[in-house]
Amino acid sequence: MAYAAFRSIGAYAPTRVLTNAELSTLVDTSDEWITKRTGIKERRIAAKNEFTSDLGMKAAQKALERSDVSVDDIDMVVCATISPDYFCMPSTAAIISTKLGIKGATAFDISAACTGFVYALSIAKAFIESGMKKNVLIIGAEKLSAITDYSDRGTCILFGDGAGSAVICATEDKSEAIIDIHTGADGEYADLLMTPNGGSGSSHDALADEASSCFMQMKGNETFKVAVKTLTKDVKEILADNNLTADKIVHFVPHQANLRIIKAVGDALKMKKEQVVLTVSKYGNTSGASIPMAINDIYESGNLKTGELMLLDAFGGGLTWGSALIPFAPKQ
Ligand code: UT7
């Protein structure tokens, strides 16, 4: 039987830094409020002519360089994004494939907001285990600045741009295999976090109002409470299903939405400080890119070693959620 191995990680963060101080010149907020309520100090913003596909392509290039897989061997590309280059089509995955020189591979986007990378991972695992694909490139890429309302202090302080990518390959060695992935969704909570305009559900009036057509809106406080509950429950379930306890996890990689959410979930799960991966202070919330950017951070700081067990835990618009148990399995 073929198993799916998490071979490599890469990420890209645009160079422009947007600080809390700068945001406090745009809306009624302060560095003190943002730091205390979210843990965010700064976030990255893509250039005007830098698209989601450019961010994704740069992250994917790094992931490919760090794997032993060439672009010719990639047979599927999945991009998780809520800020695609183009509304509906073509997919950002197809554009990234072409920018990387990948020819003829299956390519498509998925929409699962901040849980997108975990969903993409589950798709890669399923395709590989079924024998349909061998080398899958997955990407979480977001230019959230393009869909952020910089007059809304409830959201604009949170979001940033960036991308992360991983190469997932078939292996016969069970010790390298992604252990388990859980994903779920509940549309009952759709209105907590959404881009209400711009789709077929919009009125023509809203569509005509271009300025607000695709901006994100969030009921932050309600989302916060559901996030803590869901993220905690999801991890408890995946650990129990696999007869594991929190102390066996080397790197707990939660979605980087808010430091207070991460702390509440980490405490509820009895994770030690050194287990919890944190990047929210420097990148803010990058939705589908947040988890792979965080994995890349521990990789580039030399703290991610072969065989170490990662536990991913994501939550986002939809609502969606997902968790994954993954040993890091670079090619030896
Ligand atoms: O990635 C997907 C999942 N996303 C999340 O999980 C995000 C979840 N939500 C959050 O991170 C937090 O709810 C926020 C950071 C968005 C807001 O923090 P909060 O502690 O829930 O604040 P709140 O919405 O309850 O507002 C408290 C007060 C309000 O003022 P009053 O009514 O008490 O006078 C807000 O108007 O803080 C005010 N406020 C702000 N003040 C300064 C809200 N945003 C700001 C701001 N600066 N940026």
Side-chain angles (χ1 to χ4, degrees), residues 18-43 80-83 111-119 140-145 147-162 164 183-196 215-235 253-266 268 278-281 283-294 312-323:
L18 176 61
T19 62
N20 292 347
E22 203 177 333
L23 278 169
S24 64
T25 66
L26 300 177
V27 287
D28 182 13
T29 191
S30 63
D31 175 42
E32 193 197 352
W33 193 95
I34 301 172
T35 305
K36 198 165 150 215
R37 306 293 267 226
T38 71
I40 301 168
K41 296 299 287 182
E42 58 189 40
R43 64 291 291 143
T81 185
I82 53 165
S83 48
S111 169
C114 308
T115 317
F117 187 78
V118 177
Y119 268 60
E142 303 286 9
K143 185 175 178 176
L144 296 180
S145 58
I147 57 167
T148 296
D149 178 355
Y150 285 96
S151 66
D152 172 17
R153 69 177 181 172
T155 53
C156 74
I157 55 146
L158 299 170
F159 298 107
D161 301 338
T183 51
D186 186 350
E188 284 281 322
Y189 293 102
D191 67 329
L192 288 191
L193 185 47
M194 67 191 311
T195 53
F215 289 158
M216 288 180 282
Q217 292 178 12
M218 180 171 68
K219 294 179 181 163
N221 199 269
E222 286 170 63
T223 308
F224 189 108
K225 289 174 198 151
V226 186
V228 173
K229 229 189 297 169
T230 310
L231 286 163
T232 307
K233 180 173 177 277
D234 202 27
V235 161
V253 192
H255 169 48
Q256 309 285 313
N258 183 317
L259 186 59
R260 288 191 294 139
I261 295 177
I262 297 172
K263 279 199 171 142
V265 173
L278 289 175
T279 56
V280 68
S281 66
Y283 298 136
N285 182 346
T286 58
S287 191
S290 122
I291 284 184
M293 288 177 84
L312 316 188
D313 192 14
F315 171 87
L319 293 181
T320 56
W321 59 86
S323 55

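Start at 1 and go down the list; that is how both ligands and their atoms are numbered.
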Closest approach of any protein heavy atom to atom 6 (O) of ligand 1, naming residue and atom: Ile261 CD1, 3.2 Å

List for me each residue that meets salt bridge (charged side-chain N to carboxylate O under 4.0 Å, His left out) alongside Asp149, sequence neighbours excluded, and say none if there are none. none

Given Gln256, Glu32, Met218, which one has a non-hydrogen atom that is nearest to atom 4 (N) of ligand 1? Met218

Where the side chain of Gln256 meets the backbone of Tyr283, is there a donor-acceptor pair that is under 3.5 Å apart? no

Side-chain heavy-atom pair Met216, Met194 within 4.5 angstrom cut-off: no

What pair of heavy atoms forms the shortest contact from Leu192 to Leu319, and how long is it? CD1-CD1, 4.2 Å

Which atoms of ligand 1 are found less than 4.0 Å from any heavy atom of Arg260? 18 (O), 19 (P), 20 (O)

Which residue and heavy atom of the protein sit nearest atom 2 (C) of ligand 1, plus the separation: Cys114 SG, 3.4 Å

Closer than 4.0 Å to some heavy atom of Gly154 - which atoms of ligand 1 meet that? 16 (C)

Under 3.5 Å between some N or O of ligand 1 and some N or O of Thr38? no

If we set the cut-off at 4.0 Å for heavy atoms, which region of Trp33 has an atom near ligand 1: side chain, backbone, both, or neither? side chain

Using a 4.0 Å cutoff against the non-hydrogen atoms of Arg37, which atoms of ligand 1 qualify? 20 (O), 22 (O), 27 (C)

Distance flag for atom 33 (O) of ligand 1, protein heavy atom under 4.0 Å: no

Please work out, at 4.0 Å between heavy atoms, whether the side chain, the backbone, both, or neither of Ile157 comes within that distance of ligand 1. side chain

Any non-hydrogen side-chain atom of Leu231 less than 4.5 Å from a side-chain atom of Ile261? yes

Tell me the protein heavy atom at minimum distance from atom 1 (O) of ligand 1, and give that distance in Å. Asn285 ND2, 2.7 Å

Just to confirm my output: which protein heavy-atom neighbour is closest to atom 10 (C) of ligand 1, and how far is it? Asn258 ND2, 3.6 Å

Does the N or O separation between Thr223 and ligand 1 drop below 3.5 Å for any pair? no

Lys41: which residues meet the salt bridge (charged side-chain N to carboxylate O under 4.0 Å, His left out) condition with it, sequence neighbours left out? Asp31

Atom 9 (N) of ligand 1: of Ala314, Gly317, Gly220, the nearest heavy atom sits on Gly220

Within reach of ligand 1, part of Asp28 (heavy-atom separation under 4.0 Å): backbone

Taking Asp234 for its side chain and Trp321 for its backbone only, find out whether a donor-acceptor pair lies under 3.5 Å. no

Atom 21 (O) of ligand 1 sits nearest the protein heavy atom Asn221 ND2, 2.9 Å

Of the backbone atoms (N, CA, C, O) and the side-chain heavy atoms from C-beta on, which set of Thr29 has a member under 4.0 Å from an atom of ligand 1: side chain, backbone, both, or neither? both

If we ignore hydrogens and angles and just use 3.5 Å, is the side chain of Asp161 paired with the main-chain N or O of Ser145 as donor and acceptor? yes

Under a 3.5 Å distance rule, please check whether Thr19 uses its side chain to pair with a backbone N or O of Glu22 as donor and acceptor. yes

closest protein heavy atom to atom 30 (O) of ligand 1 is Arg153 NH2, 4.5 Å

Can you tell me if Thr148 uses its side chain to pair, donor with acceptor, with the backbone of Tyr150 under 3.5 Å? no

Quick check against the 3.5 Å criterion: does Arg43 have a side-chain atom that pairs as donor or acceptor with the backbone of Leu18? yes

Pick one of side chain, backbone, both or neither for how Ile34 approaches ligand 1, counting any non-hydrogen atom pair under 4.0 Å. neither

Test item: Thr115 side-chain N/O and Thr320 main-chain N/O as donor-acceptor pair under 3.5 Å: yes

Got a protein heavy atom sitting under 4.0 Å from atom 38 (C) of ligand 1? yes

